[in-house]
K.L.:
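I have a structure here, written as structure tokens, and I will follow up with some questions on it.
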Amino acid sequence: MTDLRFPTALQMMLGLVLAEREGVATMSSSELAQGLGANPSLVRKLLVPLVRAGLVESFMGKSGGVRLGRPAGEITLRDIYCCVTDGKKLWSARSDVPHRCLVSSNIERFFEGLADEAEQAMLDTLGRRTLEQSFAELRAMDKARPAKRGPHW
């Protein structure tokens, strides 16, 4: 099963960067959820670890909502990933394999090493990219996108 916590949290965080750039002080979980096409309760659930880590600030009350807790240039994608996945491994080795041959006797240890190596490479990649850089990349993609045209009759 694919884990959608990180891509959803990343989209939320990028939405908060956009809101900040457009002069919006805070966004509600309902507003974030609408932009994601998601349930507000999922958004609130993902906000909890982000607030706890200081990546997002939360304000209560009638005009409450959330905003970035630090400048976008100081938040790495690794920070976001580690917050919302709560240390859950990317992959897990099967532990129910009967030890009958060279492969089955060593596959669990082999796969754990492979998974750890792949996870470290992914974390290193995410650690080199900030939210600010990612937002700039989205802006560049948007500018490079062909203009929408009406239907061809």
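Small disclaimer: the values here were computed from a predicted structure and weren't measured.
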K.L.:
Heavy atoms only: give me the nearest A93-F111 pair and the separation to one decimal.
P.N.:
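For A93 versus F111, the nearest heavy atoms are CA-CD2, 3.6 Å.
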K.L.:
Would F59 and V24 show up in the same hydrophobic cluster when neighbours are defined by side-chain heavy atoms closer than 4.5 Å?
P.N.:
no
K.L.:
Can you find a side-chain donor-acceptor pair between T26 and R67 that sits under 3.5 Å?
P.N.:
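No - no donor-acceptor pair under 3.5 Å links their side chains.
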K.L.:
Decide if atom CG of D86 counts as having more than 12 heavy atoms of other residues, nucleotides or ligands within a radius under 6.0 Å.
P.N.:
no
K.L.:
Following the transitive rule for hydrophobic clusters with a side-chain heavy-atom cut-off under 4.5 Å over Ile, Leu, Val, Met, Phe, Trp and Tyr, establish whether M60 and L68 coincide in one cluster.
P.N.:
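No, M60 and L68 fall in different hydrophobic clusters.
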K.L.:
When you look at CD of Q34, are more than 12 heavy atoms from neighbouring residues, nucleotides or ligands closer to it than 6.0 Å?
P.N.:
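Incorrect, the count does not exceed 12.
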K.L.:
F135 ring centre to R21 NZ or CZ under 6.0 Å, with the angle to the axis within 45°?
P.N.:
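Relative to the ring axis of F135, which defines the angle, R21 lies inside both limits.
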K.L.:
When you group the ILVMFWY residues by side-chain heavy-atom contacts below 4.5 Å and let the links chain together, are Y81 and L138 in the same group?
P.N.:
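They do share one cluster, since a chain of ILVMFWY contacts under 4.5 Å joins L138 to Y81.
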K.L.:
Do M12 and V66 touch side chain to side chain, with heavy atoms closer than 4.5 Å?
P.N.:
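No; the side chains remain at least 4.5 Å from each other.
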K.L.:
Is any side-chain heavy atom of L14 less than 4.5 Å from a side-chain heavy atom of S134?
P.N.:
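Result yes, sub-4.5 Å side-chain heavy-atom pair found.
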K.L.:
If we check side-chain contact (heavy atoms from CB on, under 4.5 Å) with T8, which of these qualifies: V84, L46, V43?
P.N.:
L46
K.L.:
Using 0.5 Å steps for rounding, measure from the CG atom of L4 to the CG atom of L10.
P.N.:
12.5 Å
K.L.:
Below 3.5 Å, can you tabulate the donor-acceptor pairs from side chains in residues 121-130 to any protein atom, sequence neighbours excluded?
P.N.:
residue : atom : partner : partner atom : Å
D124    : OD1  : Q120    : NE2          : 2.8
T125    : OG1  : A121    : O            : 3.0
T125    : OG1  : R128    : NH2          : 3.4
R128    : NH1  : D124    : O            : 3.4
R129    : NH2  : E137    : OE1          : 2.1
R129    : NH2  : E137    : OE2          : 3.4
T130    : OG1  : E132    : N            : 3.4
T130    : OG1  : Q133    : N            : 3.0
T130    : OG1  : Q133    : OE1          : 3.4

K.L.:
State plainly whether the residues R5 and D3 are in salt-bridge range, i.e. N to O under 4.0 Å.
P.N.:
yes
K.L.:
Does one hydrophobic cluster hold both L32 and V48, with members joined at side-chain heavy-atom distances below 4.5 Å?
P.N.:
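No, L32 and V48 fall in different hydrophobic clusters.
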K.L.:
Does D142 pair with R139 as a salt bridge, N-O distance under 4.0 Å?
P.N.:
no
K.L.:
Within a reach of under 6.0 Å around CZ of F110, are more than 12 heavy atoms found that belong to other residues, nucleotides or ligands?
P.N.:
no
